[in-house]
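Computed from a predicted model, the values in this text were never measured in an experiment.
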Amino acid sequence: MEEKRRYKRSDLEERVLLRYVGKDDGSREKEIDVAITDVSEDGAGFFYEKELNLDDCYEGDVKLWTKQTIHAFLKIIRKKEIEGGFVYGCIFFGMESRETMRIKIYQMLEENTDEQ
């Protein structure tokens with residue numbers, strides 16, 4: 001997937017149960033179990049076996065590297081079909097600044113550790 005994020009991505013392998021947020025017209029699964037692949041200050045990437053719609057919104061609790069959990073709302077803005085499913089790019093919305101700061105602090109610590 002072409003890099004379009006403004007912020008550094010950090011790999012994260014975590015299963016997350018996401019709940020659909022939006023008008024329930026019966027065409028969408030209410031809950032999906034996805035594999036988060038990476039996180040940045042403004043979004044996340046995940047893999048899911050089935051095709052989802054662009055602009056659909058989900059919410060869920062993402063466990064970070066530090067084992068802290070952030071409650072996130074995600075809007076799908078990109079998707080790419082790969083073998084076995086789809087890779088999605090999402091932006092966070094409605095996230096409190098302290099949650100974003102947790103991601104930023106972890107990445108700063110990760111960079112400092114990598115340099116040593």
Exercise for the section: Examine I32 and I76 and state if one hydrophobic cluster contains both, with Ile, Leu, Val, Met, Phe, Trp and Tyr joined whenever side-chain heavy atoms are less than 4.5 Å apart. Expected result: yes

Problem - No-hydrogen, no-angle side-chain donor-acceptor test under 3.5 Å, E99 and H71 - result: no

Handout entry: Gap separating the CZ atom of F73 from the CZ atom of R19, nearest 0.5 angstrom
Key = 8.5 Å

Exercise for the section: Take I82 and F47 through the test side chain to side chain contact (heavy atoms under 4.5 Å, CB included) and record every step on the way to the result. Expected result: CA-CA 9 Å; I82 63 170; F47 172 83; 3.8 Å; yes

Practice task
Check whether any side-chain N or O of Y88 sits under 3.5 Å from a backbone N or O of L52 as a donor-acceptor pair, and report yes or no.
Solution key: yes

Handout entry: Check: G45 main-chain N/O paired with T37 side-chain donor or acceptor under 3.5 Å
Key = yes

Handout entry: Any donor-acceptor N/O pair, R102 side chain to T69 backbone, under 3.5 Å
Key = yes

Exercise for the section: Take D56 and R28 through the salt bridge (Lys or Arg N to Asp or Glu O under 4.0 Å) test and state the conclusion after the steps. Expected result: CA-CA 9 Å; D56 276 359; R28 292 168 179 81; 2.7 Å; yes

Exercise for the section: Flag yes if L64 and L74 sit in one hydrophobic cluster, no otherwise; membership is Ile, Leu, Val, Met, Phe, Trp, Tyr, and two members link when side-chain heavy atoms are under 4.5 Å apart. Expected result: yes

Exercise for the section: Report yes if the side chains of R15 and D33 come closer than 4.5 Å at any heavy-atom pair, otherwise no. Expected result: yes

Exercise for the section: Take the angle between the ring planes of Y58 and Y20 and call it parallel below 30°, perpendicular above 60°, tilted in between. Expected result: perpendicular

Practice task
Kindly state whether the ring of Y48 and the ring of F86 have centres lying under 6.0 angstrom apart.
Solution key: no

Problem - Shared hydrophobic cluster, V21 / V16 (ILVMFWY, side-chain heavy atoms < 4.5 Å) - result: no

Practice task
Start with the C-alpha distance between C90 and K75, add both sets of side-chain angles, then the distance that settles side chain to side chain contact (heavy atoms under 4.5 Å, CB included), and finish with yes or no.
Solution key: CA-CA 5 Å; C90 302; K75 178 179 180 180; 5.9 Å; no

Completion exercise
To the nearest 0.5 Å, atom NZ of K104 lies from atom CD of E41 at 5.0 Å

Practice task
Could you state whether L18 and L54 fall into the same hydrophobic cluster, counting links through intermediate Ile, Leu, Val, Met, Phe, Trp or Tyr residues with side-chain heavy atoms under 4.5 angstrom apart?
Solution key: yes

Problem - Derivation of the side chain to side chain contact (heavy atoms under 4.5 Å, CB included) call for K79 and E51 - result: CA-CA 9 Å; K79 68 179 170 183; E51 186 170 12; 2.7 Å; yes

Problem - Sub-4.5 Å side-chain heavy-atom contact between I103 and F92 - result: yes

Practice task
Would you mind reporting whether I70 and V62 have side-chain heavy atoms less than 4.5 Å apart?
Solution key: yes

